[in-house]
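What follows is one structure encoded as structure tokens, with my remarks underneath.
Labels below follow one simple rule: chain letters A, B, ... track the order of the sequence lines, proteins then strands, and each chain is numbered from 1. Keep in mind that this is a model prediction, so the values were computed, not measured.
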Amino acid sequence: MRELGTFEQFREQVAREVGEALKDIGAVAEMVLEKPPSGLADLALPCFHLAKKLRKAPDSIAKDLAGRMRPGGMIERIEARGGYVNFFLRFSEMAQTVLDDALSKKEGYGAGASKKTRILLEHTSVNPTGPIHVGRARNPIIGDTLARILRHAGYAVTTEFYVNDVGRQVVVMSWGVKHLKLDAEPERDKDDYRYVLYYQQANRMLEEKPDVVNEIDDMLYKLEHGDPGVVGLAKETCETVLRAIMESLERINISIDRFTFESRFVQDGSVDRVIQKLKQSEHCREEEGAYHLELESFGISGRETKWVFTRSDGTSLYTTRDLAYHMDKFARTDIAINVLGEDQKLGMQELAAALEIMGVGKKPEVVYYAFVSLPEGRMSTRKGRVVNLDDLVEEAVELAYEEVKKRRTDLSEERMRDIARIVGIGALRFNIARIQPEKQIVFKWEDALNFEGSSAPFVQYAHARACSILAKAGEWNRSADAKLLTSDSEKALLKMIAAFGSVIQECAEGRKPHILAVYSQDLAAEFNQFYRYMPVLKAEGATRDARLGLVEASMWTLRNALTCLGLEAPQEM
RNA sequence: GGGCGUGUGGCCUAGCCAGGAUAUGGCACUUGCCUCCUAAGCAAGUGGUCAAGGGUUCGAAUCCCUUCACGCCCGCCA
């Protein structure tokens, strides 16, 4: 159980008061407390729905109710206004708790109690046939951010990359690597850029020479029948490209706990066992030697309701192996979450049905995202219409370097490069993380490289400013007295800091990383307003201590939010 | 043909699941603020039929229905 935050305590007290007051006036109604626009109150009870039953105007009901309730405890004030009963939080109580909490818990501020629930979060899982582009990069960014949030919320999270090392494209690439000499220079001296050329060159050769087609088909047959030589070659080829892809992802602070190779399920016999069991299902049909499940009764609709799980030659398909993989997942975890492109929706519905037929009581939760396209259309490697992640990273870091150089003349070259890296990569990740996944994104350089307003640098800057103030503060009394924080900007900032824990929880439970990005932006804005108007270092005595306490609490909250977003929190910018 | 998703000022976006008080923030544009803890900032201003229509409700961006636009899917591919 998460310990009750001060705001939740306040809400409970209000709920008790309202419950009793409603009983007093004989109103049997469900009670809905809502959060009013900032400034009006901290919680409000709308009385409109009571008007009809009581045959009284909402505002007089509100006044009546307000008159029956007494402030006290966490409630400082109660007032009726415009048909609402407004409740005001006793600010000093909350402020002291929040301040003490943030200053003592530091990196752990806002964290949920550690839970027993294991979460296996599969993300990225791109086919290892070439460099990762921006269209696909939405997946690792959403996945990694969600993993960080879930961990801060207290879950035991394992992230996993499902490697497709079985299939025609892998065979083609492997064949190319083994038999061809490159006739072009790779864009970068990196294996993913090199291997994609082998892949493309091999594909061209396939169109021209029929005997190569036979060779590939033979390899494919061997691969699908678990021939150790071919399986080994395919796996090695994939691993080489995979290492290069991970190098790109690690530059944007994304790492993955575990890689599961698809070939494993062919080799260890689990796919065969799945096939045998599916064949016994009442939903199973056979057509010319190929088997499928009839899934119409599972709500699958469209032109095709068949879910084919073996070819005529008895070999498995991608979907069959994915089923074996998901059964393996559920043997290892309590909750499985997949981050997938929206093109996978039908496939996942079918997979869920197949899992049910297999007698597995669980199904994966899925976070779907829409594709990132370019102004001229969908990204396509084949049409050469892509923005590679590596290029975007370099562009972002370079641009950030120009900005640092413009602003700072006192820093070493090395320090400026470091800040540029942190800021550039942050801007890139934030720009993708801040948008709801189901919303389509059209990639524009000027948006991706935006360093002001709603961006990572805005949040990082607030953090850097907090650090800078603290660095200049010298000795101060860390048991700050929150009663001295009385201005609107101080109160607003404290309330924002207080909300961090529940924001993390909301993001985690709803699997919604973008909410954290929005929150961090709002938090930074509150902090900016605060330090613009409230002198900290020049304040005196206990007020100085209290404000420094608020600065440090802001610093930890900003830093923890940034960390959950996968961004580094620079000490200076 | 069917299914899923999206549609919020010139552009981007939060809110939608759990309906409420003047619809969130940014970009761009106009205008102020560096003798003051880093101006990647702060303050003020212009700009909105919340795709369209209907319904439910005291009250709808939010719920229901219809239509339109855009995206994605409906392989013995992965």
Can you tell whether the side chains of A:D488 and A:K491 come within less than 4.0 Å, N to carboxylate O? no
Sub-3.5 Å pairs of nitrogen or oxygen atoms, protein against nucleotides 76-78 of chain B:
{"residue": "B:C76", "atom": "O2", "partner": "A:S312", "partner atom": "N", "Å": "2.8"}
{"residue": "B:C76", "atom": "O2", "partner": "A:S312", "partner atom": "OG", "Å": "3.1"}
{"residue": "B:C76", "atom": "N3", "partner": "A:S312", "partner atom": "OG", "Å": "2.4"}
{"residue": "B:C76", "atom": "N4", "partner": "A:E287", "partner atom": "O", "Å": "3.2"}
{"residue": "B:C77", "atom": "OP2", "partner": "A:R311", "partner atom": "NE", "Å": "2.9"}
{"residue": "B:C77", "atom": "OP2", "partner": "A:R311", "partner atom": "NH2", "Å": "3.2"}
{"residue": "B:A78", "atom": "OP1", "partner": "A:R311", "partner atom": "NH2", "Å": "2.8"}
{"residue": "B:A78", "atom": "OP2", "partner": "A:Y318", "partner atom": "N", "Å": "3.1"}
{"residue": "B:A78", "atom": "O3'", "partner": "A:N164", "partner atom": "OD1", "Å": "2.7"}
{"residue": "B:A78", "atom": "O3'", "partner": "A:N164", "partner atom": "ND2", "Å": "2.6"}
{"residue": "B:A78", "atom": "O3'", "partner": "A:V166", "partner atom": "O", "Å": "3.1"}
{"residue": "B:A78", "atom": "O2'", "partner": "A:N127", "partner atom": "OD1", "Å": "3.3"}
{"residue": "B:A78", "atom": "O2'", "partner": "A:N127", "partner atom": "ND2", "Å": "3.1"}
{"residue": "B:A78", "atom": "O2'", "partner": "A:N164", "partner atom": "ND2", "Å": "2.8"}
{"residue": "B:A78", "atom": "O2'", "partner": "A:Q169", "partner atom": "NE2", "Å": "3.3"}

pair_partner(B:U24), Watson-Crick or wobble, both distances < 3.5 Å, evaluates to none
Pick base, sugar-phosphate or nothing for A:F458, based on heavy-atom distances below 4.0 Å to the nucleic acid. sugar-phosphate
Distance between the P atoms of B:C42 and B:G5, in whole angstroms? 37 Å
| query | When you check the phosphate oxygens OP1 and OP2 of B:C37, does a side-chain N or O of A:R544 lie under 4.0 Å from one of them? | reply | no
Between CZ of A:F451 and C1' of B:G26 the distance, given in whole Å, is 16 Å
Assess whether a salt bridge exists between A:R81 and A:D59, defined as any Lys/Arg side-chain N lying under 4.0 Å from an Asp/Glu carboxylate O.
no
| query | So what does A:Y533 touch, heavy atoms closer than 4.0 Å: a base, only the sugar-phosphate, or nothing? | reply | sugar-phosphate
Between CD of A:E540 and C1' of B:C37 the distance, given in whole Å, is 15 Å
* Using the C1' atom as the reference point in each nucleotide, state the distance between B:A14 and B:A61 in Å, no decimals. => 12 Å
Measure from NZ or CZ of A:R77 to the centre of the six-membered ring of A:F88, then state whether that distance is under 6.0 Å and the direction lies within 45° of the axis. yes
*asked:* Tell me if the centroids of the rings in A:F298 and A:H283 come within less than 6.0 Å of each other.
replied: yes
What N/O pairs connect the protein and nucleotides 2-6 of chain B at under 3.5 Å? Give each pair on its own line.
{"residue": "B:G2", "atom": "O2'", "partner": "A:S301", "partner atom": "OG", "Å": "3.4"}
{"residue": "B:G3", "atom": "O4'", "partner": "A:S301", "partner atom": "OG", "Å": "3.3"}
{"residue": "B:C4", "atom": "O2'", "partner": "A:K345", "partner atom": "NZ", "Å": "2.7"}
{"residue": "B:G5", "atom": "O4'", "partner": "A:K345", "partner atom": "NZ", "Å": "3.2"}

Q.
What's A:H292 touching, base or sugar-phosphate or nothing? Going by heavy atoms closer than 4.0 Å.
A. nothing
- Item | Any donor-acceptor N/O pair under 3.5 Å between B:A21 base and A:D59 side chain | no
With the side chain defined as heavy atoms from C-beta on, A:P37 is closest, among B:U13, B:U22, B:C37, to B:U22
Are more than 12 heavy atoms, taken from residues, nucleotides or ligands other than A:R136, located less than 6.0 Å from that residue's CZ atom? no
Q) So what does A:E446 touch, heavy atoms closer than 4.0 Å: a base, only the sugar-phosphate, or nothing? A) nothing
Expected label for B:C34 (glycosidic angle, syn inside 90° of 0, else anti) would be syn
By nearest-heavy-atom nucleotide on RNA chain B, the more 5' of A:L43 and A:L537 is A:L43
- Message: If you define the side chain from C-beta out and look only at heavy atoms, does anything of A:Y519 sit under 4.5 Å from A:L565?
- Response: no
>> Does A:A462 reach a base, just sugar-phosphate, or nothing at all? Heavy atoms under 4.0 Å.
In response: nothing
- prompt: Touch check for A:P58, heavy atoms < 4.0 angstrom, all strands: base, sugar-phosphate only, or nothing?
  reply: nothing
For A:F371, is the NZ or CZ atom of A:R378 found under 6.0 angstrom from the centre of its six-membered ring and inside 45 degrees of the ring axis? yes
Out of B:C58, B:U22, B:A40, minimum distance to the side chain of A:L40 belongs to B:U22
B:C63 -> Watson-Crick or G-U wobble partner, both distances under 3.5 Å, gives B:G55
A:F527 CZ to B:C42 C1', in whole Å, measures 13 Å
Query raised in the report: Given the P atoms of B:C4 and B:U13, what is the spacing between them in whole Å?
Result: 23 Å
B:C72 OP1/OP2 closer than 4.0 Å to side-chain N/O of A:R378:
yes
Margin query: Rounding to an integer number of angstrom, what distance separates B:G7 and B:C12 when you compare their P atoms?
Written below: 12 Å
Categorize A:V404 for me: base, sugar-phosphate, or nothing, with a 4.0 angstrom heavy-atom threshold over every strand shown.
base
Under a 3.5 Å limit on both distances, the Watson-Crick or wobble mate of B:C36 is none
May I ask you to verify if any side-chain N or O of A:S454 is less than 4.0 angstrom from the OP1 or OP2 atom of B:U13? no
Legend entry - Sub-4.5 Å side-chain heavy-atom contact between A:L293 and A:K306: no
Measuring to OP1 and OP2 of B:A40, would you say a side-chain N or O of A:H463 lies under 4.0 angstrom away? no
Rounded to whole Å, CZ of A:R407 lies from P of B:A40 at a distance of 5 Å
To the nearest angstrom, the CZ-P distance between A:F48 and B:A60 comes to 12 Å
In Watson-Crick or G-U wobble terms, with both distances under 3.5 Å, the base opposite B:G45 is B:C29
**Request:** For residues A:V166 and A:F261, determine if any side-chain heavy atom of one lies less than 4.5 Å from a side-chain heavy atom of the other.
**Result:** no
Please determine if A:D165 and A:R264 form a salt bridge, counting it only when a charged side-chain N lies under 4.0 Å from a carboxylate O.
no
Answer for the Watson-Crick or wobble partner of B:A18, both distances under 3.5 Å, is none
Strictly below 4.0 Å: does A:R532 bring a side-chain N or O up to OP1 or OP2 of B:G41? no
One should read off an interatomic distance between A:Y221 OH and A:T315 OG1, to the nearest 0.5 angstrom, of 8.5 Å
In whole angstroms, the gap separating P of B:C33 from CG of A:N528 amounts to 20 Å
In whole angstroms, the gap separating P of B:A40 from CG of A:L449 amounts to 18 Å
Under a 3.5 Å limit on both distances, the Watson-Crick or wobble mate of B:U6 is B:A69
5'-most contact on RNA chain B (nearest-nucleotide basis), A:Q529 vs A:A44, goes to A:A44
Looking only at B:A40, B:C17, B:C37, the nucleotide nearest the A:Y531 side chain is B:C37
In short, A:L223 meets A:G167 closest at the heavy-atom pair CD2-N, 3.5 Å
Evaluate the side-chain proximity of A:E122 to A:F161: yes if any heavy-atom separation is below 4.5 Å, no if none is. no
- Query: At under 4.0 Å between heavy atoms, what does A:M534 touch on the DNA or RNA strands: base, sugar-phosphate, or nothing?
  - Reply: base
Look at all strands and tell whether A:E34 reaches a base, only sugar-phosphate, or nothing, counting heavy atoms closer than 4.0 Å. base
- prompt: When the C1' atoms of B:G9 and B:C50 are considered, how many whole Å apart are they?
  reply: 10 Å
